[in-house]
Amino acid sequence: LEMKYKHASDQRMDEPSLAGMFMGANALLCKPMESFLPVVAALVLDDTEFRAEKKSELAQWGLFYLLVLPPLFFSGIQILSWSYYTLIPSKTEKMRGELRRLVSIGDMKAHHIV
């Protein structure tokens, strides 16, 4: 919403889709991790001497850490990055109203009404 507002206030209505830019950034960040994390998991399991036929306490701790620590770590990063943004209903509604006004002005200029 804030990016749309900024584009509308700068009269840049012909910008590429924000959803497309978000999906591109998401792929840029997620795809390398899809390749990297299995390597890390294999290294941890190898270090804990994980074998399917025998149960070792060290291997069980390795599996536990693989299942718990990465989500906790990345959740913490996500919470820290999102803490800079607030979603106060009154502020959001004010921004939506201003965005509608700017978009309608942009539409009028595009059709030479103003």
Side-chain angles (χ1 to χ4, degrees):
L1 188 63
E2 289 181 13
M3 288 178 73
K4 277 188 174 183
Y5 174 75
K6 183 164 176 36
H7 283 200
S9 63
D10 293 343
Q11 298 298 321
R12 298 183 329 191
M13 298 301 206
D14 57 345
E15 293 291 320
S17 167
L18 296 176
M21 290 178 10
F22 174 77
M23 296 300 286
N26 182 40
L28 180 68
L29 296 174
C30 292
K31 296 299 179 184
M33 288 299 122
E34 288 178 6
S35 301
F36 179 68
L37 288 179
V39 173
V40 171
L43 289 172
V44 168
L45 291 176
D46 188 46
D47 285 346
T48 59
E49 299 176 1
F50 176 78
R51 302 286 178 262
E53 62 274 357
K54 83 174 187 182
K55 286 186 175 182
S56 87
E57 192 170 324
L58 185 60
Q60 287 178 345
W61 278 108
L63 288 171
F64 175 77
Y65 287 135
L66 282 173
L67 290 173
V68 172
L69 291 182
L72 284 177
F73 175 74
F74 289 111
S75 296
I77 289 175
Q78 186 174 14
I79 288 171
L80 286 175
S81 64
W82 285 6
S83 66
Y84 295 107
Y85 302 100
T86 58
L87 289 176
I88 300 169
S90 60
K91 184 178 177 182
T92 305
E93 197 55 44
K94 180 181 173 188
M95 191 179 294
R96 280 189 180 141
E98 184 67 19
L99 181 61
R100 283 188 201 108
R101 186 184 68 77
L102 289 169
V103 167
S104 67
I105 290 173
D107 288 343
M108 285 188 248
K109 284 184 179 180
H111 296 345
H112 304 293
I113 296 174
V114 175

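Everything quoted here is computed from the prediction, not taken from an experiment. The figures here come from the full heavy-atom set of this structure, side chains too, leaving out hydrogens, waters and symmetry mates.
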Original post:
At their closest point, which heavy atom of Thr48 faces which heavy atom of Ser56, and how far apart are they?
Top reply: O-OG, 3.9 Å
Original post:
Is Phe64 linked to Leu72 within one hydrophobic cluster, defined over Ile, Leu, Val, Met, Phe, Trp and Tyr using a side-chain heavy-atom separation of less than 4.5 Å?
Top reply: yes
**OP:** Flag yes if Val44 and Phe36 sit in one hydrophobic cluster, no otherwise; membership is Ile, Leu, Val, Met, Phe, Trp, Tyr, and two members link when side-chain heavy atoms are under 4.5 Å apart.
**Re:** yes
Original post:
Heavy-atom count around Glu49 CD within 6.0 Å, excluding the residue itself: above 12?
Top reply: no
Subject >> Val40 reachable from Leu63 in the ILVMFWY side-chain graph, under 4.5 Å edges >> reply: yes
Subject >> CG on Leu99 to OG1 on Thr92, rounded to 0.5 Å >> reply: 12.0 Å
**OP:** Flag yes if Tyr65 and Val68 sit in one hydrophobic cluster, no otherwise; membership is Ile, Leu, Val, Met, Phe, Trp, Tyr, and two members link when side-chain heavy atoms are under 4.5 Å apart.
**Re:** yes
